[in-house]
Amino acid sequence: QVQLVESGGGSVQAGQSLTLSCTASTLTFSSYTMSWFRQAPGKKREEVSCIGWGHGNTGEIHVTESVKDRFTTSRDNAKNMVYLRMNSLKPEDTAVYYCAATVRRCGAMDIDYEFWGQGTQVTVSS
């Protein structure tokens, strides 16, 4: 069983930045593909970013088109952590952000993710 704990959410003004962090309780963190999802009220959950497993700290990385010029993801396998750096935040980025882990590669459907965090709220006001 892998426990994921997100942190770093909060309320910010449009244009500001936040960095979300996710800590995983597993000895084999580097074996998991890690993704960030978000869900806004009344909307479907969407994948924001994915960073695959790989040798060292470098893995396959995808960021959804709508935020790829503003969001980046990274991981530190030595610390069992994955990050989502969000710049130039917009009100439409307001959502609960979830960290998720899968043994599959990036591109897996959300139903294929075996482990999920509890979510962290990000609220962006105009």
Side-chain angles (χ1 to χ4, degrees):
Q1 186 76 7
V2 177
Q3 290 187 321
L4 303 175
V5 179
E6 303 97 336
S7 61
S11 296
V12 298
Q13 298 280 334
Q16 292 186 319
S17 299
L18 279 175
T19 298
L20 304 183
S21 302
C22 173
T23 302
S25 64
T26 173
L27 296 178
T28 58
F29 178 72
S30 62
S31 298
Y32 289 91
T33 290
M34 301 299 298
S35 288
W36 288 95
F37 290 81
R38 68 183 180 183
Q39 188 164 23
K43 294 189 176 181
K44 289 176 58 177
R45 182 169 59 193
E46 66 169 339
E47 185 176 27
V48 177
S49 68
C50 177
I51 183 165
W53 44 263
H55 299 293
N57 289 337
T58 300
E60 181 180 11
I61 297 175
H62 295 288
V63 180
T64 196
E65 191 67 29
S66 62
V67 301
K68 68 184 302 181
D69 59 340
R70 299 185 293 119
F71 290 11
T72 58
T73 188
S74 61
R75 67 190 295 164
D76 186 334
N77 289 342
K79 296 182 178 179
N80 280 17
M81 295 191 72
V82 62
Y83 307 96
L84 182 68
R85 173 67 176 180
M86 305 184 293
N87 296 322
S88 302
L89 282 161
K90 302 177 180 180
E92 51 263 43
D93 295 318
T94 295
V96 178
Y97 285 72
Y98 298 91
C99 172
T102 182
V103 295
R104 299 172 183 262
R105 297 188 64 167
C106 283
M109 297 178 64
D110 57 355
I111 59 173
D112 292 322
Y113 279 75
E114 294 90 342
F115 305 105
W116 292 81
Q118 81 288 353
T120 186
Q121 177 71 46
V122 172
T123 302
V124 185
S125 57
S126 57

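Here the shortest heavy-atom pairing between Val2 and Ala24 reads CG1-CB, 4.4 Å. The shortest non-hydrogen separation linking Arg75 to Phe29 is NH2-O, 2.9 Å. Contact detail for Ser126 and Pro91: the closest heavy-atom pair is CB-CG, 3.9 Å. Smallest separation of non-hydrogen atoms from Gln13 and Gln16: N-OE1, 2.9 Å.
Annotation: Glu92, atom CD; neighbour count of heavy atoms from other residues, nucleotides and ligands within 6.0 Å is above 12. Counting non-hydrogen atoms of other residues, nucleotides and ligands closer than 6.0 Å to CZ of Arg105 gives a total of 12 or fewer. Annotation for Arg104: atom CZ does not count as buried by contact number, only 12 or fewer foreign heavy atoms lying within 6.0 Å.
Put simply, OG on Ser74 and CD1 on Ile61 are 7.5 Å apart, with the number rounded to the nearest 0.5 Å. Note that OG1 of Thr72 is 7.0 Å distant from CG of Leu84, once rounded to the nearest 0.5 Å. In this structure, Thr23 OG1 and Tyr83 OH are separated by 7.5 Å, a value rounded to the nearest 0.5 Å. Taken to the nearest 0.5 Å, the SG atom of Cys99 stands 10.0 Å off from the CZ atom of Phe37. Atom-to-atom distance recorded for Ser30:OG and Asp76:CG is 11.5 Å, nearest 0.5 angstrom. Atoms OH and CD, from Tyr32 and Glu114 in turn, are 7.0 Å apart once rounded to the nearest 0.5 Å.
Put simply, Val5 and Ile51 are part of two different groups of oily side chains (I, L, V, M, F, W, Y) that touch within less than 4.5 Å, one to the next. The hydrophobic clustering, which links ILVMFWY residues whose side-chain heavy atoms are closer than 4.5 Å, places Val67 and Val12 together.
Panel note: side chain Thr94, backbone Val124; a donor-acceptor pair is recorded below 3.5 Å. A distance-only check finds a donor-acceptor pair linking the side chain of Ser35 to the backbone of Ser49 [under 3.5 Å]. Looking only at distances, no side-chain donor or acceptor of Glu6 sits under 3.5 Å from a matching main-chain atom of Cys22.
Legend: residues meeting side-chain hydrogen bond (donor to acceptor under 3.5 Å, both in side chains) with Thr28, ordered by chain and number and at least two apart, are Thr26. Remark: Thr123 pairs with Gln121 by the side-chain hydrogen bond (donor to acceptor under 3.5 Å, both in side chains) rule, at least two apart or across chains.
Residues Met34 and Leu4 meet the side-chain proximity criterion, which asks for heavy atoms closer than 4.5 Å. Tyr113 has its side chain within reach of Thr33: a pair of non-hydrogen atoms, C-beta onward, lies under 4.5 Å apart.
Considering Thr120, Thr64, Asp93 as possible partners of Arg38, the one that fulfils the side-chain hydrogen bond (donor to acceptor under 3.5 Å, both in side chains) test is Asp93.
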Problem set entry | Stepwise side-chain contact (heavy atoms from CB on, under 4.5 Å) check, Gln1 with Phe115 | CA-CA 8 Å; Gln1 186 76 7; Phe115 305 105; 3.9 Å; yes
Exercise. Is there a side-chain contact (heavy atoms from CB on, under 4.5 Å) between Arg85 and Ser17 once you walk through the steps?
Worked result: CA-CA 8 Å; Arg85 173 67 176 180; Ser17 299; 3.6 Å; yes
For this session: Go through the steps for Thr73 and Val82 under the test side-chain contact (heavy atoms from CB on, under 4.5 Å), then give the verdict.
Result: CA-CA 7 Å; Thr73 188; Val82 62; 3.9 Å; yes
For this session: Take Arg70 and Lys90 through the side-chain contact (heavy atoms from CB on, under 4.5 Å) test and state the conclusion after the steps.
Result: CA-CA 10 Å; Arg70 299 185 293 119; Lys90 302 177 180 180; 3.7 Å; yes
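Between Trp116 and Tyr98, the ring-plane angle classifies as perpendicular under the 30° and 60° cut-offs.
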